[in-house]
Q: 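The structure under discussion is supplied below as structure tokens; questions concerning it will follow.
Chain letters run A, B, ... following the sequence lines, proteins first, then strands; residues in each count from 1.
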There are 2 protein chains.
Amino acid sequence: MSNVNEAIGSAPVFAALGDITRLELVSRLSDGKQHSIAQLAEGLDLTRQGVTKHLHVLQNVGVVTCERVGRESRFTIRPDPIAKARDYLARASTQWDEAVERLRASVEE
Amino acid sequence: MSNVNEAIGSAPVFAALGDITRLELVSRLSDGKQHSIAQLAEGLDLTRQGVTKHLHVLQNVGVVTCERVGRESRFTIRPDPIAKARDYLARASTQWDEAVERLRASVEE
DNA sequence: TTGAAAGGCAACCAATTGGTTGCAATTCTG
DNA sequence: CAGAATTGCAACCAATTGGTTGCCTTTCAA
């Protein structure tokens with residue numbers, strides 16, 4: 001995939017991570033285990049429905065998946081999208097690192 | 001700074017990057033050079049004011065800075081916030097990598 | 001000096017977001 | 001079975017977002 005397409009592919013993931021509550025949810029899910037909604041809502045200062053909405057946002061960009069088990073909805077983190085976003089930022093950093101280095105060199109030459 | 005505070009500190013940066021137009025602007029600014037608004041707006045399918053608003057969003061989270069020179073506003077990328085966000089994602093990845101590894105080990109033991 | 005270029009500011013608008021409440025449905029458990 | 005737990009769905013709401021247009025100011029250049 002081209003760089004630019006990976007960029008626009010990562011934008012929705014960044015948007016999903018751009019909320020403190022969702023970042024907290026991702027953090028709680030980072031143990032790799034399955035968590036029910038009630039479990040994830042615990043201690044957060046908003047209603048269960050609010051948490052549900054945030055989980056759906058994360059699900060829509062593929063950061064988490066959901067599996068219904070009995071009366072529970074169990075959410076699990078899905079590594080790939082975040083890894084892609086991470087790699088994108090890593091390459092972006094390298095890009096301006098090198099650019100700045102070239103600028104410095106051309107000034108000092 | 002604690003991990004959780006770095007997380008909530010990165011949330012606004014993620015939010016700022018969670019838009020295709022702004023991601024494109026960051027990309028154009030990744031050459032480390034200064035760019036005027038008119039220059040950055042070129043080729044984008046929205047008005048100059050639209051671009052200005054996006055630049056302000058990026059400026060508010062510290063991703064870019066602005067310097068007025070003559071009649072131009074020159075924007076420059078500012079590495080730090082993106083680097084912080086990158087590091088946060090890197091640590092998050094490591095975190096669930098290790099967690100998943102521990103889970104796998106405990107299942108197979 | 002006069003016109004064009006670059007940008008700031010404010011008002012306005014539709015769509016989205018983040019949140020709520022109420023209620024119905026399913027599933028577990030004593 | 002009866003009640004509690006867990007969730008889904010829909011309606012509703014205020015605030016934010018992403019975008020526009022119109023107009024004014026500053027600055028550059030012929």
Q: Quick one: A/Glu67 CD to D/dG8 C1', roughly how many Å, whole number?
A: 17 Å
Q: Checking the side chain of A/Ser73 only, and the main-chain atoms of A/Val69 only, is there a donor and an acceptor separated by less than 3.5 Å?
A: no
Q: For the pair B/Glu24 (side chain) and B/Thr21 (backbone), establish whether a donor and an acceptor sit closer than 3.5 Å, ignoring hydrogens and angles.
A: no
Q: Once you round it to whole Å, what is the distance between P of D/dT16 and CD1 of A/Ile20?
A: 14 Å
Q: Provide a list of protein-nucleic acid N or O atom pairs under 3.5 angstrom, restricted to nucleotides 4-9 of chain C.
A:
from: C/dA5; atom 1: O4'; to: B/Arg71; atom 2: NH1; distance (Å): 3.4
from: C/dA5; atom 1: N3; to: B/Arg71; atom 2: NH1; distance (Å): 3.3
from: C/dG7; atom 1: OP1; to: B/Ile37; atom 2: N; distance (Å): 2.9
from: C/dG7; atom 1: OP1; to: B/Ser73; atom 2: N; distance (Å): 3.4
from: C/dG7; atom 1: OP2; to: B/Ala38; atom 2: N; distance (Å): 2.7
from: C/dG7; atom 1: O3'; to: B/Ser73; atom 2: OG; distance (Å): 3.3
from: C/dG7; atom 1: N7; to: B/Arg48; atom 2: NH1; distance (Å): 3.4
from: C/dG7; atom 1: N7; to: B/Arg48; atom 2: NH2; distance (Å): 3.1
from: C/dG8; atom 1: OP1; to: B/Ser73; atom 2: OG; distance (Å): 2.8
from: C/dG8; atom 1: N7; to: B/Arg48; atom 2: NH1; distance (Å): 3.4
from: C/dG8; atom 1: O6; to: B/Arg48; atom 2: NH2; distance (Å): 3.1
from: C/dG8; atom 1: O6; to: B/Gln49; atom 2: NE2; distance (Å): 3.0
from: C/dC9; atom 1: N4; to: B/Gln49; atom 2: OE1; distance (Å): 2.9
from: C/dC9; atom 1: N4; to: B/Gln49; atom 2: NE2; distance (Å): 2.9

Q: Quick check: does any side chain N or O of A/Gln39 sit under 3.5 Å from a backbone N or O of A/Ser36, one acting as donor and the other as acceptor?
A: yes
Q: Rounded to the Å, how far apart are B/Asp19 CG and C/dT17 P?
A: 11 Å
Q: Donor-acceptor pairs under 3.5 angstrom involving side-chain atoms of residues 40-51 of chain A: please list them, not counting sequence neighbours.
A:
from: A/Thr47; atom 1: OG1; to: A/Gly50; atom 2: N; distance (Å): 3.2

Q: Nearest-nucleotide wise, let me know which of B/Lys53 and A/Gly70 is further upstream toward the 5' end of DNA chain C.
A: B/Lys53
Q: Give a yes or no answer on whether the side chain of A/Arg78 reaches the backbone of A/Val63 with a donor-acceptor pair at less than 3.5 Å.
A: no
Q: Counting only N and O atoms by type, is there a donor-acceptor contact under 3.5 Å from the side chain of B/Arg22 to the main-chain atoms of B/Ala16?
A: yes
